[in-house]
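Position 1 is the first residue of the sequence, and the numbers go up from there. Remember, predicted model here, so these are calculated numbers, not experimental data.
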Amino acid sequence: MVSGLETKLGRRVAKAADEAVTRRGAVSVLDAFTAIGWLTAKAVDTWEQGRVDSLQELVQAPPDRQRAAVELLRAWAGERGLEHREGAYPAATRERRALRFTADGDPADERDFRAHWISPTATAAQRAREDRRRAKAPELVVLEASGPWTCASCAEPDGELLRMEDSDAHCLTCTDMDHLVFLPAGDTALTRRAKKASTLSAVVMRWVASRRKYRRTGLLVEEGALEEAEAQCLADDDARARRRERDAVRRGAQDVVFQERFAAEITRLFPGCPDERAQSVAAHAGTRGSGRVGRSAAGRALDPGAVRRAVVASVRHEDTSYDEMLMNGVPREEARSRIADDIDRVLGEWSRPLERP
């Protein structure tokens, strides 16, 4: 009787597994499906971004054949004494929810598809790399708008950037990412340092119709992280020039008079807020073209509710562990609930007049 591994599919699975183990000392179901041509890198990216309900929708093979391949991979690994593990596959969403492999979500099938195996001959370095690879969640992604769109949360008309969550488009304000600043691609050292220093970050992608694929155009990072990274790169003359150019653009985008009025309104509503902080909030919320609350109709009219929202957003990102919770996979609403008391405490302190010398 011919064993499963001696069939055509068995040989394809074995070849894919052999190559993966030779290359990095481990193999997963995802590796095998990609190597035998059932999955493309684009399909895996679509799944990781949470744009489909299950990976099975994108695999170019019927479900029964997929399960057969998984069983063959398990048999191959068993014959060679590979160590079985179950991988974690979080989605590239703010909630970092677990990705689903199968359409029906059967727990046994899900465990089978999440499996990966480590070679007994894998080096310590290979094992460490594999552990890091399995633990690393996909990067958050923000898209450059390629046409008109409306935010599914606030119903406001389109802006330049949007964040896809499931199949809906959301503006950066509604996804709590409007405090981030854009760092264009091109300077590898600056990008690496800014991302490392930023608690929250997201890759910015643009759809290139002529190539039918997304292209990375930059990174959204915290402004403080970008300034820290630039300071580390100041020895580079080119970095200094880019810093001057960015500062010039930033100064040109500032509406100084409006921001002074906005800061004065913050101080009126929150007399205990330090002047320097009020000015910082006003400058951030009131930057032209940012799409932030200070540039909304209510913000430009200095509506107390809009001013308060700008102050709350600043406190949320600068005085609580909110961003860190989001990067660790805590759902947005749960994270907001956890920090509600911290925000109330700060606003309570700022509501009392500041003792000035």
Has [X] got a side-chain atom pairing as donor or acceptor with [Y]'s backbone, closer than 3.5 angstrom?
X    : Y    : value
E57  : S54  : yes
N328 : E324 : yes
E222 : T199 : yes
E83  : S119 : no
W47  : R100 : yes
E144 : M205 : no
S314 : A310 : no
S280 : E276 : no
D31  : S28  : yes
R163 : V141 : yes

With a 4.0 Å cut-off on N to O distance, would you call [X] and [Y] a salt bridge?
X    : Y    : answer
R332 : E334 : no
R277 : E318 : yes
R67  : D109 : yes
E6   : R11  : no
E19  : R23  : no

Show the numbers, then the answer: is there a side chain to side chain donor-acceptor pair (under 3.5 Å) between D176 and Y322? CA-CA 10 Å; D176 295 326; Y322 180 70; 2.3 Å; yes

With heavy-atom distances below 4.5 Å as the criterion, would you say the side chains of [X] and [Y] are in contact?
X    : Y    : result
R308 : F270 : yes
L172 : L220 : yes
H116 : I118 : yes

Passes side-chain contact (heavy atoms from CB on, under 4.5 Å), E86 versus R111? Steps please. CA-CA 7 Å; E86 186 176 331; R111 284 194 297 273; 3.8 Å; yes

Only one of V181, L226, T191 clears side chain to side chain contact (heavy atoms under 4.5 Å, CB included) with L219; which? T191

Member of L99, T102, V29, L39 meeting the side chain to side chain contact (heavy atoms under 4.5 Å, CB included) criterion with L55: L39

Search all heavy atoms of [X] against all heavy atoms of [Y] and return the closest pair with its distance.
X    : Y    : answer
L302 : E265 : O-OE2, 4.1 Å
I339 : R316 : CD1-CG, 3.5 Å
R74  : D112 : NH2-OD1, 2.7 Å
L161 : W149 : O-CZ2, 3.4 Å
A229 : A194 : CB-N, 3.4 Å
A278 : C273 : N-SG, 3.8 Å

Take F33 and F113 through the test side-chain contact (heavy atoms from CB on, under 4.5 Å) and record every step on the way to the result. CA-CA 10 Å; F33 281 12; F113 275 78; 3.7 Å; yes

Separation of D319 CG from L347 CG (nearest 0.5 Å): 9.5 Å

Distance in Å, L58 CG paired with K42 NZ, rounded so as to fall on 0.5 Å steps: 10.5 Å

Hey, can you tell me if W117 and H84 have their rings parallel, tilted or perpendicular (30° and 60° cut-offs)? perpendicular

Mind checking whether H179 and H317 have parallel, tilted or perpendicular rings, split at 30° and 60°? parallel

Report the C-alpha separation of T217 and R215 in whole Å, then their side-chain angles, then the decisive distance to 0.1 Å, and conclude whether the side-chain contact (heavy atoms from CB on, under 4.5 Å) test is met. CA-CA 6 Å; T217 61; R215 181 173 69 85; 4.2 Å; yes

Applying the 4.5 Å side-chain criterion to the ILVMFWY set and letting contacts propagate, would V203 and W207 be lumped into a single cluster? yes

Test side-chain contact (heavy atoms from CB on, under 4.5 Å) applied to A152 - qualifying residues, sequence neighbours left out: D168, H170

Between E228 and R193, does a salt bridge (Lys or Arg N to Asp or Glu O under 4.0 Å) hold up when you go through it step by step? CA-CA 8 Å; E228 179 182 333; R193 287 168 171 163; over 6 Å; no

Quick one: do W76 and D18 satisfy side-chain contact (heavy atoms from CB on, under 4.5 Å)? Show the steps, please. CA-CA 9 Å; W76 178 90; D18 266 324; 3.2 Å; yes

